[in-house]
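Only one structure is covered here, and it is reproduced in the block below.
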Amino acid sequence: MIPPFDVDHEYEQDDDNDTFLFEGLQQYVLTHYPNPERLDCLDAATLRAFVYAPETLDLEDRKFLHVFKCAECTRELMAHRVERDQRLELHAARSARPNKSTRRAILKASTAMPLLLFFLVLL
Amino acid sequence: MALPSPTEICWAMRSAPLEQSFRPVLRAAVESKWPETRKFAAALLGDDSLAPEMTEVAIERTVKYLAGHSPLGVEETGVVFFRFYQKEVRRRRAASTKYSLRGTASELASAVSASPLSTVEHRLDLETTLRFTRPDLRVALLLRYGSNESWSVVAEKTGTTKDAIRKSCQRELNRIRKRLRADLSRGATQREQ
């Protein structure tokens with residue numbers, strides 16, 4: 001049986017970043033503010049900069065409040081965020097891998113180790 | 001129409017033949033308090049039209065009180081009578097200011113306005129709401145919502161601390177939470193139905 005959806009509980013259990021709240025808000029905007037005609041929308045470059053380099057934008061400008069009332073802009077922002085997070089993950093995975101010279105040294109050591117052991121046994 | 005005099009409204013005493021002894025005392029007490037009773041009713045209820053009716057109630061209670069106690073003078077009787085009178089006025093005022101809940105929960109659906117305009121008016125409109133909030137809070141909320149940055153990153157970008165920025169945005173966050181909670185609860189209720 002599916003347990004009943006307890007909204008109050010969900011809000012009480014929300015994390016330090018108010019993730020549940022902001023996801024709820026996003027869902028609310030997507031549901032309640034469709035804007036297929038893209039009226040007053042921010043341009044594509046601005047939306048991209050919003051996610052990748054928000055410091056380059058003057059977010060004090062009230063025009064940016066439009067995103068709180070536009071499902072289409074919110075959807076674009078979400079797409080950019082997914083892309084950004086994927087890039088960051090990829091970058092993090094690459095950084096975690098040892099670099100070429102370290103890999104070569106490990107390979108050399110792993111090849112030399114049996115030979116060294118062989119000579120030690122012979123002696 | 002002129003209000004009846006205290007002697008006319010002392011009918012309660014006539015219906016209590018056993019208490020003949022304190023009838024003149026009570027009449028004198030009610031007559032002495034009559035201007036005060038009208039003034040008190042006007043002050044608390046807005047007008048004194050109900051003063052005679054409330055006086056009758058107060059007289060009835062005073063008669064009952066006096067029947068169980070040793071005889072009192074006009075002044076003391078007046079105090080007792082006026083206390084019962086004040087109680088009655090306050091009771092009526094409380095009754096008139098109380099919300100009356102009529103009908104049952106099942107009738108609520110039909111009572112709700114079907115106007116699409118009311119739906120629009122009750123939407124969470126952050127674009128309008130945040131238009132008049134402090135610019136730094138607007139920026140913080142935009143970064144948190146648009147860029148989906150954590151509060152720590154937002155704090156870093158706005159030159160403050162995580163706790164400070166969260167606390168500053170608390171009023172707006174509570175407003176959003178309240179509105180979303182109502183919306184989600186309504187959705188859950190509709191799903192259950």
Side-chain angles (χ1 to χ4, degrees), chain A residues 2-12 14-29 31-33 35 40 42 46-70 73-74 76-82 84-85 88, chain B residues 119-159 161-163 165-167 169-170 172-192:
Chain A
I2 302 165
F5 184 66
D6 187 350
V7 178
D8 291 332
H9 178 75
E10 296 286 344
Y11 278 115
E12 276 161 27
D14 208 355
D15 60 18
D16 276 1
N17 277 316
D18 302 299
T19 307
F20 183 76
L21 172 69
F22 279 94
E23 280 179 3
L25 175 60
Q26 192 171 269
Q27 203 51 49
Y28 187 90
V29 174
T31 314
H32 291 85
Y33 292 107
N35 185 11
D40 303 324
L42 304 170
T46 307
L47 285 170
R48 192 176 167 78
F50 204 135
V51 173
Y52 284 95
E55 58 279 359
T56 61
L57 303 172
D58 176 20
L59 290 178
E60 288 193 8
D61 192 328
R62 288 188 173 92
K63 72 175 181 187
F64 290 101
L65 292 174
H66 168 80
V67 298
F68 285 120
K69 216 175 169 180
C70 177
C73 285
T74 297
E76 265 194 53
L77 286 171
M78 285 165 73
H80 286 309
R81 288 196 313 243
V82 169
R84 178 195 62 184
D85 293 347
L88 285 174
Chain B
T119 319
V120 172
E121 282 169 351
H122 287 98
R123 270 188 196 171
L124 174 66
D125 185 355
L126 280 181
E127 189 189 20
T128 311
T129 312
L130 296 180
R131 200 161 272 275
F132 304 103
T133 54
R134 268 166 38 201
D136 56 325
L137 299 188
R138 268 206 319 263
V139 171
L141 287 166
L142 278 167
L143 283 170
R144 182 67 193 84
Y145 177 80
S147 302
N148 200 27
E149 303 283 17
S150 63
W151 282 122
S152 317
V153 177
V154 172
E156 209 174 285
K157 286 183 177 169
T158 51
T161 63
K162 181 184 173 180
D163 288 341
I165 195 70
R166 247 188 114 194
K167 204 169 179 184
C169 293
Q170 209 53 53
E172 279 71 27
L173 293 179
N174 283 340
R175 191 182 289 168
I176 299 168
R177 194 173 284 125
K178 197 174 161 188
R179 186 63 193 83
L180 291 178
R181 188 176 279 176
D183 199 60
L184 286 172
S185 300
R186 200 170 48 238
T189 314
Q190 282 168 358
R191 275 197 300 278
E192 277 168 22

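Please read all numbers here as calculations on a predicted model, not as lab measurements. Proteins get letters first, then strands, A, B, ... in listed order; numbering begins at 1 in each.
Heavy atoms closer than 4.5 Å to chain B are found in both the backbone and the side chain of A:D16. Proximity to chain B (any heavy atom under 4.5 Å) is restricted, for A:E55, to the side chain, taken from C-beta onward. If you measure heavy-atom distances from B:R131 to chain A, the contacts under 4.5 Å come from both the backbone and the side chain. When heavy atoms are compared at a cutoff of 4.5 Å, A:R81 approaches chain B solely by way of its side chain, counted from C-beta outward.
Side-chain atoms of B:R177 never come within 3.5 Å of backbone atoms of B:E172 as a donor-acceptor pair (strictly under, hydrogens ignored). A donor-acceptor contact shorter than 3.5 Å links the side chain of A:D15 to the backbone of A:D18. No side-chain donor-acceptor contact under 3.5 Å links A:N17 to the backbone of A:T19.
For chain A, the option among B:V139, B:L130, B:L142 with the highest count of heavy-atom pairs below 4.5 Å is B:L142.
Note: B:Y145 and A:F68 have tilted aromatic rings, judged against thresholds of 30 and 60 degrees for the angle between ring planes.
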Note to self: Show, in sequence, the C-alpha distance, side-chain angles and deciding distance for A:Y52 and B:S147, and conclude whether the side-chain hydrogen bond (donor to acceptor under 3.5 Å, both in side chains) test is met.
What the structure shows: CA-CA 8 Å; A:Y52 284 95; B:S147 302; over 6 Å; no

